[in-house]
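Here is the naming used below: chain letters follow the sequence lines, and residue numbers restart at 1 for every chain.
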Amino acid sequence: MTFVRLGYVAMSLKVPNSSPSQTMTIKNFSKIENENAAILKLERITRSNLHNTLRILRHNAAHDIQFYRMTSRLVPLATFEGLPDWDYMAAIVDSLEEIGKFVAEKEMRVDFHPDHFVLINSPKNEVLKMTVKTLILHKRLLEGMNIDPKHRCVLHIGGVYGDRVLALERFIQNWMLIPTSIQNMIILENDDKSFHFEDTLYLCEKLGIPLVFDYHHHLAHHENKHWEAQWDRIVNTWSPSPLPVKMHISSPKNEKQFRAHSDFVDVEMFMDFLNEIKGSVDQIDCMIEAKRKDEALFKLMKDLKQYDHIEINDGASFYIK
DNA sequence: GGTCGTCAAGGGGTG
DNA sequence: CACCCCTTGACGACC
């Protein structure tokens with residue numbers, strides 16, 4: 001028997017006007033003549049993003065959803081080079097604490113997936129520098145919420161740069177340049193066109209990083225179709241982690257745009273996965289990456305009811321026998 | 001009130 | 001090297 005919790009990404013389609021990713025671009029920032037006023041606007045937007053994050057978490061709690069990926073755009077321009085000194089933490093400590101308190105009280109799992117320009121295996125020094133800077137921002141936000149940053153940030157391996165094997169080795173080289181406290185935050189996901197799960201497993205086992213298995217990505221890009229033969233190794237990468245094994249589930253938009261995400265998760269595709277792994281772990285957290293966000297989660301829970309060996313626990317978790 | 005181009009940031013592919 | 005594509009959501013200019 002395996003206990004499964006579902007989560008979703010960044011925004012709710014059920015809570016009205018609750019965007020946690022409102023933003024301000026550097027162009028707009030520069031348009032405001034009074035720099036103080038511009039900073040105040042930035043702070044207002046940031047606090048609104050945090051407030052909406054809390055509203056979404058309350059909505060999650062009301063529907064027994066314990067798993068949620070926060071947006072990485074909570075603090076616009078936080079890592080932008082050349083912005084006048086802005087102590088963004090000072091303006092948001094209270095909001096962060098409030099979120100953290102709620103998360104702890106409801107025993108939720110929250111994490112981040114920094115954007116695609118956060119990558120560790122880049123040959124460009126500047127890119128690596130920005131990567132570390134952005135990860136430090138994530139660490140501060142988590143610490144502000146009193147959440148242990150360990151294994152809270154999902155990343156991809158990065159680019160191929162013409163030589164996949166070399167690119168993997170460069171990941172290892174660059175990894176050694178990253179502060180341990182930042183390394184500890186990271187978990188790695190197989191992607192849909194460059195690095196399949198065996199590449200990812202190679203790095204994860206070598207460097208002691210948990211592997212987030214993305215089933216959709218695997219179907220889109222693999223050398224060896226049979227992931228299930230290696231599943232125990234994937235599970236093993238989580239043994240040093242305080243958190244349960246985590247995976248990503250989404251469905252192709254259509255045959256032609258296979259890599260694009262569909263509105264909802266195909267329940268049969270999800271069951272194919274679950275039937276392979278049931279019993280192999282006590283618990284697994286599944287992050288739904290569908291266009292319809294929490295609506296897709298609710299629909300999936302509904303679709304799961306038809307299976308006899310699924311026992312619904314509450315609104316967003318179940319047992320599979 | 002709806003539509004569409006733009007946005008700080010990377011990488012891949014094409015010609 | 002130049003250019004466009006991917007991808008995500010939000011914003012804001014414009015009609």
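- The salt bridge (charged side-chain N to carboxylate O under 4.0 Å, His left out) test applied to A/Arg44 returns no partner, not counting sequence neighbours.
- As judged by a 4.0 angstrom heavy-atom cut-off over every strand, A/Lys293 is placed among residues touching the sugar-phosphate backbone only.
- Less than 6.0 angstrom separates the ring centroid of A/His218 from the ring centroid of A/Phe213.
- Rounded to whole Å, the separation between the P atoms of B/dA8 and C/dC1 comes to 24 Å.
- For an aromatic pair to be called close, the ring centres must be under 6.0 Å apart, and A/Trp231 with A/Phe197 fails this.
- Among residues two or more places apart in sequence or in another chain, the salt bridge (charged side-chain N to carboxylate O under 4.0 Å, His left out) test is passed with A/Glu255 by none.
- Connectivity analysis of hydrophobic side chains (ILVMFWY, heavy atoms under 4.5 Å, direct or indirect) links A/Leu119 to A/Val127, A/Tyr161.
- Across the C1' atoms, C/dG9 and B/dG12 are found 23 Å apart, a figure rounded to whole Å.
- Taking 4.5 Å as the limit, some side-chain heavy atom of A/Trp238 sits within range of a side-chain heavy atom of A/Lys246.
- Between the side chain of A/Arg109 and the main chain of A/Phe67, no donor-acceptor pair closer than 3.5 Å is present.
- For the residue pair A/Asp294/A/Ser12, the side-chain donor-acceptor check at 3.5 Å is satisfied.
- Residue A/Asp115 is classed as having no contact, given no heavy-atom separation below 4.0 Å to the nucleic acid.
- Consecutive Watson-Crick or G-U pairs involving DNA chain C, each under 3.5 Å on both distances, make up stems of three or more pairs at B:1-7 with C:9-15, B:10-15 with C:1-6.
- A distance of about 16 Å separates the C1' atoms of B/dG5 and C/dC4, rounded to the whole Å.
- By the 4.5 Å heavy-atom criterion applied to side chains, A/His63 and A/Lys14 are not counted as neighbours.
- A/Lys129 comes within 4.0 angstrom of nothing in the nucleic acid, heavy atoms only.
- With ring centers used as reference points, A/His196 lies 6.0 Å or more from A/His222.
- Contacts of residues 16-26 of chain A with DNA chain C (heavy atom under 4.0 Å): A/Ser19, A/Ser21, A/Gln22, A/Thr23.
- Looking at heavy-atom distances under 4.0 Å, A/Lys253 makes no contact with the nucleic acid at all.
- Here A/Phe117 does not pack flat against the base of B/dG10, since the 5.5 angstrom centre distance and 30 degree tilt limits are not both met.
- The residue A/Arg73 sits close to a base: some heavy atom pair falls under 4.0 Å.
- Rounded to an integer number of Å, the gap from CG of A/Leu137 to C1' of B/dA8 is 14 Å.
- With 3.5 Å as the limit, one finds no donor-acceptor pair spanning the side chains of A/Arg233 and A/Asn236.
- In this structure, A/Leu96 CG and A/Leu54 CG are separated by 11.0 Å, a value rounded to the nearest 0.5 Å.
- Extent of DNA chain C lying under 4.0 Å from chain A heavy atoms, first and last nucleotide in 5' to 3' order, is C/dT8 to C/dA13.
- In this view, A/Asn184 satisfies the side-chain hydrogen bond (donor to acceptor under 3.5 Å, both in side chains) rule with no residue, not counting sequence neighbours.
- Here A/Val93 sits alone; no ILVMFWY side chain lies under 4.5 Å from its own, so it joins no hydrophobic cluster.
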Polar atom pairs (N or O), protein with nucleotides 1-3 of chain B, under 3.5 Å:
none

For nucleotides 11-15 of chain B, which of its nitrogen or oxygen atoms have a protein nitrogen or oxygen under 3.5 Å away, and what is each distance?
residue : atom : partner  : partner atom : Å
B/dG11  : OP1  : A/Tyr161 : OH           : 2.3
B/dG11  : OP2  : A/Lys124 : NZ           : 3.4
B/dG12  : OP1  : A/Val160 : N            : 2.5

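- With rounding to whole Å, A/His138 atom NE2 is found 18 Å from B/dA9 atom P.
- With sequence neighbours excluded, no residue forms a side-chain hydrogen bond (donor to acceptor under 3.5 Å, both in side chains) with A/Arg47.
- Place A/Lys41 and A/Met11 on DNA chain C by their nearest nucleotides, and A/Met11 ends up nearer the 5' end.
- Spacing between B/dG10 and C/dC11 at atom C1', rounded to whole Å, works out to 23 Å.
- Partners of A/Phe258 under the ring-ring contact (aromatic ring centres under 6.0 Å, His included) rule, at least two apart in sequence or in another chain, are A/His216.
- Computed from coordinates, the A/Met130 CE to B/dG10 P distance equals 8 Å when rounded to whole Å.
- For A/His221 and A/His217, the distance between ring centers is not under 6.0 angstrom.
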